[in-house]
Every structure is written in structure tokens, then in C-alpha cells.
J.: 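After the C-alpha cells below, expect a handful of questions from me.
Both backbone and side-chain heavy atoms feed into the values below; hydrogens, waters and symmetry mates do not.
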Amino acid sequence: MNIQNICAVFGTVMLTVTAGRTQQPLRLSLAECRERALAHSEALLQADNRLEQARLDRQLAATAALPNIAGSITGAYVLPDMDMMGMELRMRGTYMAGLSLTQPIYAGGKISAARRMARIGEEVAGEQQRMTRMDVLVEADNAYWTLVAVNGKVRMLESYAAQMDTLYSQVSGAVEAGMTLENDRLRVAAKRSEIRYQLDKARNGADLCRMSLCRIIGVGSEVRPVPTDTLFHLSAPGQLNATLETRPELRLLEQQVALGEQKIRDVRSAMLPTAGLSLGYTYYGNIKLQSMVDAGNGVFVPYSQEFRDGLGLAVVAVKVPVFHWGEGRKQVRKARYELQNAQLDLQKNTRLMSLEVEQAIRNVEDGYRLIQTAELGLRQAEENLRVMDNRHAAQMAPLTDLLDAQAQWQQAASNLIEAQTQYRIYKTAYWRSIGQLE
């Protein structure tokens, strides 16, 4: 086997492997799609990390009211020796070791305000996590149902193309037999080319939707997700609830108001007295005092004394702010304005979210009615197509009427696919709008 044949065989094998890789099917239900999207979402992982950080911040804020215990060890080697009234103080290798305890007694409410703000921060992080989770589910649902819709349109266009192929064969046979004009065959050929063009566009769109879904669920672009939840059972939406109590955006706005109240307490604490207690104990050693002392009869002998001992310390400190040009009052007023802005944001966005929920409810109800209308339209189009097909076969209707009936059937089938898909998307949007998409 020469090198060209080897390359040809190798190329064929690689193309086969590549084609096999691009055709890896993955049967996927909506629940599995959601699970994969939640497990893969980087935004949700970041929200989880922010929640853990907020929990640590709350734990750190709780330690501010607890005693602070610290230990210290110090060594010193001092040269030259110091003269102390004729004596030498030698500190060569002096050491000190001690413990200290600091306990805040009163901080003007700053510690309690910080603990409340940390707890609010943890609740905010939890609501942001819920909001991110629901956004991921909305994206996954939209991508899933969009792929279902486009695949349905592809199948519908394939059926339509098959009908046109059959019709083209019939008209060609009639033209060859001299039973109809060449113009009819050209008309059918043009319509068939148009359907092929629409089919190619639908297939390209399906491939783009497939890759989008692959990105959301965290699989490679060579995977071909196959949605399994494609059967649609129409049921009335029933009574839809318009509550906002569980919506994370509303909870976040409420927490912003609560945070503004705590900020006022935190700023006011700077105007109040503070008190603290400090306790300490230090042990020192290897401090020597050397001199010459008179031992009698004019004889001087060297004398050395080493100091080793411990010292205790207790301090109570009270700090009272007296005057700083009204800075504290201005800070409190500024915090109050921030609180008023948070309250106004809550009022404004509550009304906007109520309108959003009402719109979501209306979309669901309108989507239900659109499905009923589309189903009726499809039944009528199917019946019209059947009648026109029979009349054309009996040479009782022109070709143009049959082509119009087929086009009406295609549009009706497309309308039903779009209505069913949009109804599912509307229901997801409704559950998201009331904060109950789980």
C-alpha cells in the first residue's frame, strides 16, 4: 500500500470518528436539563461562594463582642551597659513574656449594629443565590423548549418537503402524459425549492439551538441533546396567584431598608461614649545590676543582682466624644436620606413587580387561548388540504388551490408549534415572576 492510499484510509477513519463524535445523542428530560444547568452554572457557583463569605462575615462580626487575648514574647540585647548612679545596668539577653486581655464593655451600639448588618448581609446573599438559581432555570427552560420547537418545525418541513416531492412526481407524470402544462411542473418545482430553503434554515437554527443548550448544560458541542419531554397535554392554567412574598427581588429591597436602619444606628454609635477593659500580666528576667561594694578594711568586691519578676495590669478606659463640628449629626442625616431612598426604591419596584406578575399571568392565559386557536386552525387546514388533494386528484381543482392549501397547512402547523412552546416559556416566566421557580 503506497503513501497516498495510507493517507486516504487515515483520512476516511478520521472523518468517520469525527462524524461519530458529532452524532453523540444525549436523551435529556427537562428535569435532567435543569440539574445539569444548575451543576454547570459559573454564576450559581459564584453566588454559593458569596453566601459562604456572608456567613463568615456574620461569624466574624459575632467575635467583636468577645474578649481579645494576645500573648507576646520579647528578647533584647543592649550594649553598652548603662550607668545607674555608679552601678552598671546590664541587659544582655533580657526577656519579657506576657498575656493581655481586652474586653469591650460598651461601644455605643456599634457592635450590635454590625452583627445585625452581617446577619442581613447573609440573608441578602441567600436571596441573591435564589435569584441566580431561578435565572439559570429560566435560561435552561427557554433553551430546552426552543430546541423542541425548532426540531418540531424541522420534522414538519421534512413532511412538507416529502409532500412536495410526491406532488412533483405526480405533476411530472401528468406533464409527460400531456395531461397538464409544463407551467404547473415549474410552479411545483419553485415551491419545492422554497421548502428546501426553509428546511435548510430550520436545520441550521436547530444546530445553533443545540449548541446553545450544550453550553448551558456544560457538555461539548459534539453532543446532540435529544429532548424527551416533547408530548404536550393542554390543560387550563387554573387560578394563578399574584403574590410577591417569595420573590427574591422584593426580599432584597426589604433587606436594603433594614440595612439602612442599622446604618443609622452604626453612625449614631460614633456620637456615644465607649468603654473597655484591659488586663495584662508580664514576666521579665535576666536584668542584672553590677557594682563594687566595700567589704571592709578598704577591700572592694564585685556585687551582682539579677531581677526576675512579674507585673500585673488592669485598665478601664472610657472615651466620650465632646465636639467635632457636628460631624456625627451630619452623618446621621446622610444615613437617614439613604434609608428614605431605599424605602422609595421598595415602593417603586414593588409596583413594577406587581405589573410584571400581572403581565406574566396575562401571557399564560393568552398563550392558552392561542394554543386552542392554533389547534382549531390546524384541524381546519388539514381538512382543507385533504379536500383539495382529493379534488385535485379528480381534476376538479387547479394546482394553485392545492399549493395554497399546503401552504396554509404549513403555516397552521408552525403556529401550533410556536404557541405550544411559547406557552411553556410563559409558564416558566410566571413562576419566576412570583419567586417560586424551583
J.: With a 4.0 Å cut-off on N to O distance, would you call Arg386 and Asp389 a salt bridge?
T.: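 Between Asp389 and Arg386 there is no salt bridge, as every charged N stays at least 4.0 Å from the carboxylate O atoms.
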J.: Between Arg362 and Glu365, is the closest basic N to carboxylate O distance under 4.0 Å?
T.: no
J.: Are any non-hydrogen side-chain atoms of Leu402 and Leu385 less than 4.5 angstrom apart?
T.: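 When only atoms from C-beta onward are counted, Leu385 and Leu402 do touch, with a gap below 4.5 Å.
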J.: Once you round to the nearest 0.5 Å, how far does CD1 of Ile195 lie from CG of Asp200?
T.: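 Between atom CD1 of Ile195 and atom CG of Asp200 there are 11.5 Å.
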J.: Any side-chain heavy-atom pair from Ser433 and Met353 closer than 4.5 angstrom?
T.: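 With C-beta onward as the side chain, the pair stays apart.
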J.: Rounded to the nearest 0.5 Å, how far does CD of Gln129 lie from CZ of Arg50?
T.: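 Separation between the atoms: 9.5 Å.
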J.: For Ser278 and Leu313, what are the C-alpha separation, side-chain angles and deciding distance, and is it a side chain to side chain contact (heavy atoms under 4.5 Å, CB included)?
T.: CA-CA 8 Å; Ser278 296; Leu313 177 68; over 6 Å; no
J.: Short question: side chain of Tyr144, backbone of Leu28 - any donor-acceptor pair under 3.5 Å?
T.: yes
J.: Kindly give the heavy-atom pair with the smallest separation between Ala47 and Thr132, and that separation in Å.
T.: CB-OG1, 4.0 Å
J.: Using a 6.0 Å cut-off, check whether atom CD1 of Ile73 has over 12 heavy atoms from anything other than its own residue.
T.: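 No, not enclosed.
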J.: For Glu222 and Arg210, which heavy atoms make the closest approach, and how far apart are they?
T.: C-NH1, 4.3 Å
J.: Starting at CD of Glu249, measure out to CG of Asn349 and round the result to the nearest 0.5 Å.
T.: 9.5 Å
J.: Will you find, in the side chains of Gln408 and Asn384, an N or O donor that is under 3.5 Å from an N or O acceptor?
T.: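 A donor-acceptor contact under 3.5 Å links the two side chains.
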J.: Please determine whether a side-chain nitrogen of the Lys or Arg among Arg55 and Glu122 lies less than 4.0 Å from a carboxylate oxygen of the Asp or Glu.
T.: yes
J.: A quick test of your reading: do over 12 heavy atoms of other residues, nucleotides or ligands sit less than 6.0 Å from CZ of Arg308?
T.: yes
J.: When rounded to the nearest 0.5 angstrom, what is the spacing between CG in Leu437 and CE in Met131?
T.: 13.5 Å
J.: Do Ser159 side-chain atoms and Arg155 backbone N/O form a donor-acceptor pair below 3.5 Å?
T.: no
J.: Within the structure provided, determine whether Arg36 and Val219 are in side-chain contact (heavy-atom separation under 4.5 Å).
T.: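 When only atoms from C-beta onward are counted, Val219 and Arg36 do touch, with a gap below 4.5 Å.
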J.: For a quick test of reading the model, state the closest non-hydrogen atom pair linking Ser41 to Leu44 and the distance between them.
T.: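 For Ser41 and Leu44, the tightest heavy-atom pair comes out as OG-N, 3.2 Å.
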J.: Any chance you could measure Arg130, atom CZ, to Glu438, atom CD, to the nearest 0.5 Å?
T.: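 Atom-to-atom, Arg130:CZ and Glu438:CD are 6.0 Å apart.
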J.: Is Thr230 close to Asn151 at the side-chain level, that is, under 4.5 Å between some pair of heavy atoms?
T.: no
J.: In plain terms, say whether Lys263 and Asp266 are close enough for a salt bridge, that is, a side-chain N and a carboxylate O under 4.0 Å apart.
T.: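 No, no charged N to carboxylate O under 4.0 Å.
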J.: Indicate yes or no: at least one non-hydrogen side-chain atom of Gln103 is less than 4.5 angstrom from one of Pro67.
T.: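 In short, these two side chains touch, coming nearer than 4.5 Å.
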J.: Hey, what's the ring geometry for Trp409 with Tyr160, parallel, tilted or perpendicular (30° and 60° as the breaks)?
T.: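 Geometry flag for Tyr160 against Trp409: perpendicular rings.
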J.: Would Glu375 and Leu378 count as a side chain to side chain contact (heavy atoms under 4.5 Å, CB included) here? Give the steps.
T.: CA-CA 5 Å; Glu375 287 179 341; Leu378 180 60; 5.8 Å; no
J.: Please check if atom CD in Glu245 has more than 12 non-hydrogen atoms from other residues, nucleotides or ligands closer than 6.0 Å.
T.: no
J.: More than 12 heavy atoms of other residues, nucleotides or ligands under 6.0 Å from CZ of Arg92: is that the case?
T.: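 Check passes, neighbour count above 12.
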J.: Can a side-chain donor-acceptor contact be found between Gln359 and Asn363 if the only test is distance below 3.5 angstrom?
T.: yes
J.: Please indicate whether Tyr197 has more than 12 foreign heavy atoms, meaning atoms of other residues, nucleotides or ligands, lying under 6.0 Å from its OH.
T.: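 Open: at most 12 neighbouring heavy atoms sit under 6.0 Å from OH of Tyr197.
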J.: Is it true that Lys330 and Glu327 make a salt bridge, defined as a side-chain N closer than 4.0 Å to a carboxylate O?
T.: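 Not counted as a salt bridge, because no side-chain N and carboxylate O are separated by less than 4.0 Å.
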J.: Using ring pair (Phe, Tyr, Trp, His ring centres under 6.0 Å) as the criterion, list what pairs up with Tyr337, not counting sequence neighbours.
T.: none
J.: Please find the pair of heavy atoms, one from Gly121 and one from Ala54, that lie closest to each other, and give the distance.
T.: O-CB, 3.8 Å
J.: Grab the two heavy atoms, one from Ile425 and one from Thr146, that are nearest each other, plus how far apart they are.
T.: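 Shortest heavy-atom separation between Ile425 and Thr146 comes out as CD1-OG1, 4.4 Å.
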J.: Between Ser414 and Gln410 (side chain of the first, backbone of the second, donor and acceptor by atom type, cut-off under 3.5 Å), is there such a pair?
T.: no
J.: Would you say the side chains of Glu194 and Gln198 form a donor-acceptor pair under 3.5 Å?
T.: yes
J.: Judged by atom type as modelled, is there a donor-acceptor pair below 3.5 Å linking the side chain of Thr421 to the main-chain atoms of Glu418?
T.: no
J.: Would you call Arg196-Asp165 a salt bridge at under 4.0 Å N-O?
T.: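 Salt bridge present between Arg196 and Asp165.
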J.: What heavy-atom pair brings Tyr430 and Leu240 nearest, and what distance separates the two atoms?
T.: OH-C, 3.5 Å
J.: Can any side-chain N or O of Thr246 pair as donor or acceptor with the backbone N or O of Ile434 at less than 3.5 Å?
T.: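 It does hold such a pair.
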J.: Check the pair Leu199 / Val154 against side chain to side chain contact (heavy atoms under 4.5 Å, CB included), numbers first and verdict last.
T.: CA-CA 6 Å; Leu199 180 58; Val154 169; 4.2 Å; yes
J.: Just so I know, are the side chains of Met388 and Gln406 near enough to count as touching, which here means a heavy-atom distance under 4.5 Å?
T.: no
J.: State whether the side chain of Thr94 and the backbone N or O of Asn286 hold a donor-acceptor pair below 3.5 Å, judged by distance alone.
T.: yes
J.: In sequence, state the C-alpha distance, the side-chain angles, and the governing distance for Asp229 and Trp145, and then conclude on side chain to side chain contact (heavy atoms under 4.5 Å, CB included).
T.: CA-CA 9 Å; Asp229 294 336; Trp145 293 124; 4.2 Å; yes
J.: Quick check for you: to the nearest 0.5 Å, what is the distance between Ile69 atom CD1 and Ser100 atom OG?
T.: 9.0 Å
J.: Out of Arg34, Arg432, Arg424, which one pairs with Asp141 under the salt bridge (Lys or Arg N to Asp or Glu O under 4.0 Å) rule?
T.: Arg34
J.: Please examine the side chains of Tyr284 and Thr74, heavy atoms only from C-beta on, and report whether any two atoms are closer than 4.5 Å.
T.: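 The answer is no, as the side chains (C-beta and beyond) never meet within the 4.5 Å cut-off.
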J.: Could you check if a side-chain atom of Glu254 sits within less than 4.5 angstrom of a side-chain atom of Val257, using non-hydrogen atoms only?
T.: no
